[in-house]
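Read through the structure below, which is laid out as structure tokens, and then see the notes.
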Amino acid sequence: MCGRYSLTKKEMRLALQEVAEMILTLLTFERYNIAPTQLAPVILQESGNISVRQMRWGLQPSWSKAPLINLQSETVADKPAFKESVRQRRCLIPADGFYEWTSGRQAMRFVREDRAPFCLAGIWENSLDYNGRAVPCYTILTTAAAPAVARVHKRMPVLVQEKYMEQWLNPAAENFDEAWRDPFVEWEAYAVGDFVNKTGNEGPECLEPPRQPDMFLTGAMAGR
DNA sequence: CCAGACGTTGTT
DNA sequence: GTCTGG
DNA sequence: CCAGACGTTGTT
DNA sequence: GTCTGG
């Protein structure tokens, strides 16, 4: 009854969007506080197939003491230790917000003005754990902060627009200037309480504003 | 050939 | 481990 | 990124 | 202050 069908490039993109949606709604059990060294879902393409795997946040090269949770997008492709990952093992990291801490250790949460989820640009590799076992690990690429973010922090994660997701995941693709270009997303920032500070803490409480709002941030002291 | 890099952030 | 620079 | 440790010995 | 673990 069904002896043939097609899957054009355009249809492939739709399939990818569907996959991304699936991840964000079903596979991504809610996470409010994904921290370095923890497992989180990552989208990748292997043997031509797009898949989702839980990976450890932070590359762990043998020579590095600390896990590398961020790498600069501007230079990563030129670094001997990472160029192969940039060439062969790019990935997308689904998220709907990210945290930055002010110099005063006030946690801020950044979300898109339209509240839409998004994908961050990452690369991954198999690092060796203490048993010599291969563990897939990922790192988030960074770029100069967008204006609203720059008030708190100079750097921010690279976002991959939907129209570049397929290219980003395809190992055959080579130039990422387009994929890395600033998507000019408007970001909204709001202060959250210190519950999020502790890496083990999970749940919606991570999103709640501070119990005692920071006087300087809210301007509540003005005029006193 | 060997030596040295290979990360990011914010703070002083 | 691997690449770049000298 | 933040939180929390930052020690040694010998014994079970 | 600095390092490790999450």
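This structure is a prediction, so every number in the text was calculated from the model and none was measured. Below, read A as the first sequence line, B as the second, and so on, with proteins coming before strands; counting in each chain starts at 1.
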When you compare dC2(B) with dT8(D), how far apart are their C1' atoms, in angstrom units rounded to a whole number?
41 Å

Spacing between Glu100(A) atom CD and dG10(B) atom P, to the nearest angstrom:
8 Å

Whole-Å gap separating C1' (dC1(D)) and CD1 (Ile140(A))
11 Å

May I have the distance from Arg87(A) (atom CZ) to dC3(C) (atom P), rounded to whole angstrom?
11 Å

Taking atom P in both dC1(D) and dT9(B), compute the distance separating them and give it to the nearest angstrom.
8 Å

For dC6(D), which nucleotide is its Watson-Crick or G-U wobble mate, given both distances must be under 3.5 Å?
dG1(E)

C1'-based separation of dG6(E) from dC6(B) [nearest Å]
24 Å

Value in whole Å for how far the P atom of dG10(B) lies from CE of Met156(A)
13 Å

Phe118(A) and Phe98(A) aromatic ring geometry - parallel, tilted or perpendicular at 30°/60° bounds
perpendicular

Name the atoms and distances for all side-chain donor-acceptor pairs under 3.5 Å in residues 136-144 of chain A, with sequence neighbours left out.
residue, atom, partner, partner atom, Å
Thr139(A), OG1, Leu68(A), O, 2.7
Thr139(A), OG1, Ile69(A), O, 3.1
Thr139(A), OG1, Asn70(A), N, 3.2
Thr142(A), OG1, Leu71(A), O, 3.4
Thr142(A), OG1, Arg155(A), NH2, 3.2

Tell me whether the OP1 or OP2 atom of dG10(B) has a side-chain N or O from His153(A) closer than 4.0 Å.
yes

Non-hydrogen side-chain atoms of Ser51(A) and Leu44(A) separated by less than 4.5 Å:
yes

Whole-Å distance, Glu84(A) CD to dC3(C) P, equals 8 Å

Could you tell me how far dA5(B) sits from dG5(E) if I compare only their P atoms? Round to whole Å.
25 Å

Distances for protein N/O vs nucleotides 4-8 of chain B N/O pairs under 3.5 angstrom?
residue, atom, partner, partner atom, Å
dG7(B), OP2, Lys79(A), NZ, 3.3
dT8(B), OP1, Gln72(A), N, 2.1

Min side-chain heavy-atom separation Leu120(A)-Leu159(A) under 4.5 Å
yes

Tell me the interatomic distance from Gln38(A), atom CD, to dC2(D), atom C1', rounded to whole angstroms.
12 Å

Please report the distance, rounded to the nearest Å, between CG in Asn126(A) and C1' in dG1(C).
14 Å

Any Lys/Arg nitrogen of Asp96(A) or Arg109(A) sitting under 4.0 Å from an Asp/Glu carboxylate oxygen of the other?
yes

Looking at side-chain heavy atoms only, is the closest gap between Trp187(A) and Arg112(A) below 4.5 Å?
yes

Figure out the CG/P separation between Asp194(A) and dC2(D), and round it to whole Å.
12 Å

Heavy atoms from C-beta onward define the side chain here; which of dG6(E), dT4(E), dC1(D) lies closest to that of Lys65(A)?
dT4(E)

Please evaluate residues Arg115(A) and Glu188(A) with respect to the criterion salt bridge (Lys or Arg N to Asp or Glu O under 4.0 Å), reporting the C-alpha separation (whole Å), side-chain torsions for both, the decisive distance (0.1 Å), and the verdict.
CA-CA 9 Å; Arg115(A) 299 297 190 277; Glu188(A) 216 166 273; 2.7 Å; yes

Among dC3(E), dC2(D), dC1(D), the one nearest Arg105(A) by side-chain distance:
dC2(D)

Could you check whether Pro61(A) gets within reach of a base, just the sugar-phosphate, or nothing at all, counting any heavy atom under 4.0 Å?
nothing

